[in-house]
Amino acid sequence: MNDFRPVQMSSPVLTVRQVDAYHAITVVAPGIAERFRSGQFIAVAVGGEQSSMLLRRAFAIHDVKPDYGGTVEFLFAVRGRGTAWLAERRSRDLLDIIGPLGKPFPLPRDPVNCVLVGGGYGSAPLFPLAHALRRRGCRVDLVLGAASAGQVFGAITARRVAETATFTTDDGSFGVRGRVTDALGQVIEDARSDVVYACGPMPMLREVTALAARHDIPVQVSVEETMACGTGVCMSCVVPVVGGDGITRMARSCVDGPVFRGERVRFDDVGTIPFDALGAPGWKARGDEESPVREAG
Amino acid sequence: MNDFRPVQMSSPVLTVRQVDAYHAITVVAPGIAERFRSGQFIAVAVGGEQSSMLLRRAFAIHDVKPDYGGTVEFLFAVRGRGTAWLAERRSRDLLDIIGPLGKPFPLPRDPVNCVLVGGGYGSAPLFPLAHALRRRGCRVDLVLGAASAGQVFGAITARRVAETATFTTDDGSFGVRGRVTDALGQVIEDARSDVVYACGPMPMLREVTALAARHDIPVQVSVEETMACGTGVCMSCVVPVVGGDGITRMARSCVDGPVFRGERVRFDDVGTIPFDALGAPGWKARGDEESPVREAG
Amino acid sequence: MIPDLRVRLGELELVNPVMTAAGCAGSGRELAQFFDIARIGAVVTKSVMLEPRAGRPAPRIAETPSGMLSAVGLQGPGIEVFLQRDLPWLLSRGARAAVSVAGGGPGEYAELARRLSEAPGVAMIEVNLSSPDLARRGRHFAHDPEAAARVVRAVRAEARPDIPVFAKLSPDVPDLVGLARVCVEAGADGLAMINTVRGMAIDVDTMRPAVAGGPGGLSGPAIRPIALACVYEVHAALPEVPVIGMGGVRTGADALEFLLAGAGAVAVGTAIFHDPSACVRVLRELEQALVERGVERVASLVGAAHRAPGAAVRG
Amino acid sequence: MIPDLRVRLGELELVNPVMTAAGCAGSGRELAQFFDIARIGAVVTKSVMLEPRAGRPAPRIAETPSGMLSAVGLQGPGIEVFLQRDLPWLLSRGARAAVSVAGGGPGEYAELARRLSEAPGVAMIEVNLSSPDLARRGRHFAHDPEAAARVVRAVRAEARPDIPVFAKLSPDVPDLVGLARVCVEAGADGLAMINTVRGMAIDVDTMRPAVAGGPGGLSGPAIRPIALACVYEVHAALPEVPVIGMGGVRTGADALEFLLAGAGAVAVGTAIFHDPSACVRVLRELEQALVERGVERVASLVGAAHRAPGAAVRG
Ligand SMILES: Cc1cc2nc3c(=O)[nH]c(=O)nc-3n(C[C@H](O)[C@H](O)[C@H](O)COP(=O)(O)OP(=O)(O)OC[C@H]3O[C@@H](n4cnc5c(N)ncnc54)[C@H](O)[C@@H]3O)c2cc1C
Ligand SMILES: Cc1cc2nc3c(=O)[nH]c(=O)nc-3n(C[C@H](O)[C@H](O)[C@H](O)COP(=O)(O)OP(=O)(O)OC[C@H]3O[C@@H](n4cnc5c(N)ncnc54)[C@H](O)[C@@H]3O)c2cc1C
Ligand SMILES: Cc1cc2nc3c(=O)[nH]c(=O)nc-3n(C[C@H](O)[C@H](O)[C@H](O)COP(=O)(O)O)c2cc1C
Ligand SMILES: Cc1cc2nc3c(=O)[nH]c(=O)nc-3n(C[C@H](O)[C@H](O)[C@H](O)COP(=O)(O)O)c2cc1C
Ligand code: FES
Ligand code: FES
């Protein structure tokens with residue numbers, strides 16, 4: 001595991017670009033680039049040395065390149081204070097970055113048919129995944145959705161890396177009007193998909209998971225819960241996840257995820273402590289003797 | 001007074017230069033440049049929008065120029081967090097600045113002989129003062145001191161604007177070894193000075209004031225006390241100053257100063273509340289009936 | 001749509017909910033250089049005492065992360081000069097003048113209330129209970145509900161009935177809700193909270209306390225979460241009691257947080273030191289936030305964070 | 001000159017005065033990816049309870065100016081797993097393991113102390129008194145000196161005599177010095193302070209509390225002045241009692257402030273979330289600060305801010 005452990009670095013910004021509704025920052029970060037596997041993310045400190053913002057911001061790694069010893073690209077929408085600050089960076093500024101973080105997407109051993117589903121900036125980690133799958137001989141189909149045209153990310157690249165690329169927008173301004181799940185069923189059938197990979201907002205992941213279940217194929221989801229550290233120490237990013245033993249634990253999405261098997265995530269209980277979760281109030285009464293030797297995470 | 005009221009502006013940085021041990025920043029700030037009179041200062045916000053540093057930093061205005069509608073230059077030594085941040089600014093960055101602040105140096109009506117004494121960056125406001133005095137036909141002599149050569153500011157300019165320029169350093173690395181007060185007496189005699197202007201650390205101001213008294217000439221001092229706002233609202237920058245009525249008040253150096261008549265400042269009591277100051281503990285007992293109608297500031 | 005910014009805190013009606021915090025706006029003149037002080041809800045003065053007061057020795061302040069420590073010691077001119085010079089000036093500029101008072105015992109507070117009641121134009125009296133109680137070796141009145149009640153009662157008894165009296169509370173008390181209740185029972189028409197939080201900084205070069213005398217009061221955005229918890233808690237316990245919320249308000253969104261927590265109005269303190277126009281900027285940003293959210297009346301938001309999730313805010 | 005960084009807090013001897021704060025260092029493994037955890041004075045674990053615990057629902061945290069609010073709710077695996085898995089791992093890495101404990105009543109605390117005393121290698125037990133007292137409708141033990149004393153006595157009675165017991169105090173108590181005294185009288189070998197400060201934030205979009213459930217604990221540099229005042233005050237009153245200082249330590253200078261205020265060691269909490277190497281960086285910066293000041297022994301600085309101005313620090 002030592003080879004994969006994350007590194008913290010002060011990375012010079014190479015470029016800052018505007019890509020549709022997103023900003024894309026490329027930094028020089030050899031240690032992160034070389035360790036990266038698709039699905040992993042970085043945690044970025046924001047606001048400089050005397051910043052009033054203590055918490056790191058998590059961004060999926062969208063691309064790594066070998067230039068300058070290794071570069072890492074991420075893209076983001078301006079949302080609050082930290083992303084506003086990031087959007088103002090210029091080349092040569094330094095960013096304090098930790099990565100790569102989190103569990104990557106598991107790759108199939110065999111060359112199977114994969115459909116990758118992304119919502120908004122959730123598309124970002126799917127591009128390196130698509131490349132990795134293609135290298136293994138997998139068929140890749142993409143379904144990318146967003147609220148409207150500007151937020152659909154990477155349409156051109158999508159058409160290049162994927163066998164088929166389907167786009168949906170809530171307002172119909174680009175591709176099919178509707179949600180990714182409105183298009184996904186058809187794609188699964190047409191492409192005879194063997195597995196689904198999805199990244200995007202929780203409600204989308206829940207629906208994608210349900211849909212995969214209906215098609216009886218496995219689904220890997222990359223979840224997004226509020227994060228503060230990204231390294232597993234703050235316990236802020238928990239989601240209820242069912243373990244191999246059938247027990248639900250409050251799992252940290254930064255280290256136990258962000259990628260989980262879809263059917264293991266209790267989407268309906270996100271934002272709660274399910275009554276039957278390990279260590280939930282009243283939990284003890286239920287299973288006093290079975291002495292659980294594993295915890296959440 | 002309305003014409004002289006300070007303005008707050010977001011000023012683009014024009015240049016950042018290293019001048020000996022100091023950094024010099026020039027900003028475009030027309031409103032401040034046009035109102036400026038020598039001895040006044042600016043208060044600069046540091047750290048950007050999400051800064052953890054709330055308090056403004058005060059800097060003497062060192063130069064104003066008519067370019068770009070009006071530019072303002074200040075120079076500073078890196079000392080703590082805020083000045084460290086300032087030293088990293090680049091041209092086109094914006095600085096949030098308020099100015100001009102404080103009472104300027106009073107100028108003599110007649111063309112008299114003036115000696116200007118500066119310690120360290122305390123020299124900065126003396127250059128615009130020298131120009132103003134010269135415009136009124138005054139003779140100007142300069143005595144500039146510092147710990148060592150690198151901190152003596154503006155030696156070349158000093159020789160140009162002043163009749164004579166004397167330099168002292170504590171370590172003798174430039175000019176006369178010793179303190180400004182070791183050289184000042186001679187200058188006063190040689191130049192037949194009629195008035196002294198001084199800016200620098202409190203102990204220097206105290207000695208200059210004592211020396212001026214011995215030569216029986218008036219002295220104007222620009223004091224430096226910790227400031228938080230620069231605009232007179234926080235009450236942090238007080239020094240004990242004797243009023244025209246003989247009563248000592250805790251005067252705010254940002255609005256009642258920073259320029260005071262030297263003999264009015266109770267240098268020995270700086271950092272205390274003198275027992276006879278207006279409103280000092282026990283003060284009431286002393287002068288109950290005289291009902292003072294003025295306060296500090 | 002132009003949102004209706006008027007608020008009503010009991011008998012205190014304000015054109016909008018943004019005011020200055022006591023002791024952070026000088027005499028009003030300093031700020032009037034930067035904006036028209038008649039535009040904000042009220043100008044709260046620094047705490048006025050009977051006699052002039054020199055305050056504490058320098059250094060009086062130190063910067064801390066997103067905050068500052070201060071120990072000014074209520075430097076001020078005394079009620080005489082205040083009534084002759086500062087109050088008339090505020091009124092001449094069209095400002096609503098809320099006067100903060102501080103004293104060494106109930107008698108002094110009462111005397112101040114009497115003097116202020118004789119003057120025209122005082123919109124509100126704010127009773128600073130964090131002043132040292134001379135009868136109890138300098139402990140703050142706020143530390144002892146009995147003593148606080150005596151002070152509030154004394155002020156309420158002497159103040160003209162049409163002048164609302166607000167009790168200003170410190171968060172550093174054993175039981176804030178209890179203290180709030182006691183003050184209301186003693187006649188306070190409303191509460192202002194919070195005063196500064198006890199804190200300290202040490203100068204690592206001199207190795208001595210950074211503020212002369214040791215501890216000081218912590219203010220600024222750093223304490224906003226503490227202030228919000230206080231306002232939320234008191235509003236939950238005493239929903240009918242008007243509260244002026246303060247502690248770290250810097251932006252319109254911050255002001256909104258306080259309104260949602262239950263404050264009927266907000267005061268801006270330390271942020272003024274950073275930005276002398278902070279009050280009008282906060283007001284502008286607050287108005288903008290209401291427009292963005294389609295809220296027609298700012299008053300409808302007061303305490304909304306206590307309502308059930310999803311409960312609509314009445315426009 | 002290489003400064004001597006060893007410190008002694010009563011019976012607790014540490015190679016240097018920097019440790020992790022309870023609940024901010026995961027199981028130790030997460031941080032070991034970034035630095036050798038044997039290099040710091042001690043690793044303080046998150047508060048261990050008897051049973052596994054799921055904690056509080058998300059969102060559990062919110063960012064505030066120079067701070068954060070959290071309500072994690074002591075999520076953890078329970079003492080069983082801790083003893084089987086986490087403690088041996090820490091010891092295998094050469095870390096000094098200080099174990100924080102939390103329970104619903106004195107009995108649970110006692111049981112935890114007993115279990116920990118049977119295991120080898122526990123360097124210290126830290127008693128988290130900010131855990132809800134089940135017998136008193138969830139009020140923190142720290143709110144009631146009697147209850148706190150019972151817990152400390154129970155732990156001290158059950159813990160092996162050679163394991164020092166530190167009581168961890170919350171600043172949100174009526175009388176901190178009084179509580180400190182009570183804990184020491186009940187057998188605490190030292191004090192750890194401060195735990196988080198009660199606070200709140202409101203999401204101005206959802207108009208609901210930003211942390212699920214409402215109030216949370218405020219931590220980070222924002223609270224450092226509050227923490228320093230607590231340490232200073234307690235050290236002034238009880239100069240012989242060892243104190244572990246914490247609350248917003250981010251740099252070596254911050255650590256120095258705590259030492260000068262009277263802490264014999266410091267713990268780094270929230271700063272770890274920002275910088276996983278914070279503890280070793282703080283240690284390095286502290287060492288550098290000592291070199292710059294010509295201080296030979298860090299221990300000589302403890303409480304120096306209380307000494308008369310100009311009094312020399314014994315090297
Ligand atoms: C694994 C992962 C990958 C992500 N990848 C991307 C990406 O590629 N592009 C992108 O635009 N966004 C991504 N996000 C969301 C991104 O982290 C947030 O948009 C960002 O943190 C918001 O920061 P802010 O300063 O603008 O907002 P603020 O509201 O100021 O943030 C305050 C705090 O809340 C946390 N926070 C707020 N929103 C989120 C969120 N949605 N998810 C997690 N933490 C949040 C921040 O990390 C910070 O600690 C990802 C989130 C996760 C968990
Ligand atoms: C009227 C006036 C004019 C000045 N002119 C100059 C100048 O031309 N060049 C220059 O280099 N310095 C000048 N100073 C000093 C300058 O303000 C401080 O060096 C600077 O504020 C230190 O900021 P910092 O962030 O580095 O230090 P920090 O220690 O981080 O500052 C913390 C707080 O303390 C205040 N503070 C700290 N030191 C001083 C000080 N010496 N005087 C006033 N406030 C202080 C800061 O304003 C800030 O509010 C002047 C000070 C005054 C009062
Ligand atoms: C320098 C300074 C002076 C203050 N003076 C007073 C005062 O005279 N009376 C009072 O009731 N509160 C006083 N306060 C407290 C403020 O009114 C306010 O309650 C507190 O600072 C929190 O708000 P803020 O974070 O916006 O500053 C003062 C605060 C500061 C920082
Ligand atoms: C996320 C989080 C979890 C914490 N968990 C615990 C805990 O389990 N036990 C405990 O005694 N203190 C706990 N604390 C309090 C810290 O140990 C520390 O006392 C406090 O955060 C102040 O230090 P800081 O500002 O450096 O974080 C926790 C704090 C945070 C922020
Ligand atoms: S973000 Fe801190 S534990 Fe996951
Ligand atoms: S610096 Fe604020 S009153 Fe002078």
Side-chain angles (χ1 to χ4, degrees), chain B residues 1-2 4-8 43 45 49-57 80-82 96 98 225-240 247-250 252-255 269-281 283-284 288 291-297, chain C residues 20 23-35 46 49-68 70-78 80-82 84-86 205 210-212 219-222 248 250-251 269-277:
Chain B
M1 139 149 198
N2 266 9
F4 299 115
R5 68 183 183 196
V7 292
Q8 178 175 8
E49 270 222 53
Q50 301 300 332
S51 176
S52 65
M53 302 179 284
L54 293 184
L55 307 183
R56 286 182 179 260
R57 273 56 176 172
R81 294 180 294 266
D96 173 354
I98 300 177
E225 182 53 81
T226 313
M227 288 190 183
C229 72
T231 54
V233 285
C234 78
M235 307 299 286
S236 68
C237 58
V238 293
V239 283
I247 297 181
T248 297
R249 295 180 179 79
M250 299 309 294
R252 290 165 298 177
S253 51
C254 66
V255 288
D269 298 320
V270 164
T272 73
I273 302 292
F275 76 96
D276 57 347
L278 178 70
W283 168 87
K284 192 189 162 191
D288 217 357
S291 176
V293 228
R294 290 179 53 210
E295 70 157 324
Chain C
T20 63
C24 298
S27 66
R29 284 184 191 76
E30 297 84 354
L31 295 188
Q33 298 184 303
F34 297 94
F35 67 92
K46 58 181 145 183
M49 305 190 75
L50 280 182
E51 298 294 332
R53 188 156 158 131
R56 302 265 299 264
R60 290 175 166 183
I61 57 118
E63 192 177 58
T64 68
S66 296
M68 71 180 273
S70 63
V72 168
L74 298 179
Q75 176 172 350
E80 190 83 38
V81 175
F82 175 77
Q84 274 177 42
R85 189 188 64 183
D86 296 343
D205 292 317
V211 166
S219 63
R250 198 178 63 82
T251 68
T270 301
I272 295 175
F273 304 162
H274 184 88
D275 174 9
S277 313

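Each chain gets a letter, A, B and so on, in the order the sequences are listed, and its residues count up from 1.
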### Query
For Ala212(C), is it the side chain, the backbone, both or neither that has a heavy atom under 4.5 Å from a heavy atom of chain B?
neither

### Message
Quick check on Thr64(C) against chain B: is it the side chain, the backbone, both or neither that has a heavy atom closer than 4.5 Å?
### Response
backbone

### Task
With a 4.5 Å cut-off on heavy-atom pairs, point out which of Gly271(B), Ala228(B), Ser52(B) contacts chain C the most.
Ser52(B)

### Message
Can a donor-acceptor pair be found, under 3.5 Å and without considering hydrogens, that links the side chain of Arg56(C) to the backbone of Gly73(C)?
### Response
no

### Message
Tell me whether Arg56(B) contacts the main-chain N or O of Asp96(B) through its side chain, where contact means a donor paired with an acceptor under 3.5 Å.
### Response
yes

### Query
Got a salt bridge between Glu225(B) and Arg60(C), using NZ or NE/NH1/NH2 to carboxylate O under 4.0 Å?
no

### Query
Do Glu63(C) and Arg57(B) touch side chain to side chain, with heavy atoms closer than 4.5 Å?
yes

### Query
Side chain, backbone, both or neither: which part of Ser236(B) has a non-hydrogen atom closer than 4.5 Å to chain C?
both

### Message
side-chain contact (heavy atoms from CB on, under 4.5 Å), that's the test. Do Phe34(C) and Ile98(B) meet it? Break it down for me.
### Response
CA-CA 10 Å; Phe34(C) 297 94; Ile98(B) 300 177; 3.8 Å; yes

### Message
For chain B, which candidate among Ser70(C), Ser277(C), Ala58(C), Ala54(C) shows the most heavy-atom pairs at distances under 4.5 Å?
### Response
Ala54(C)

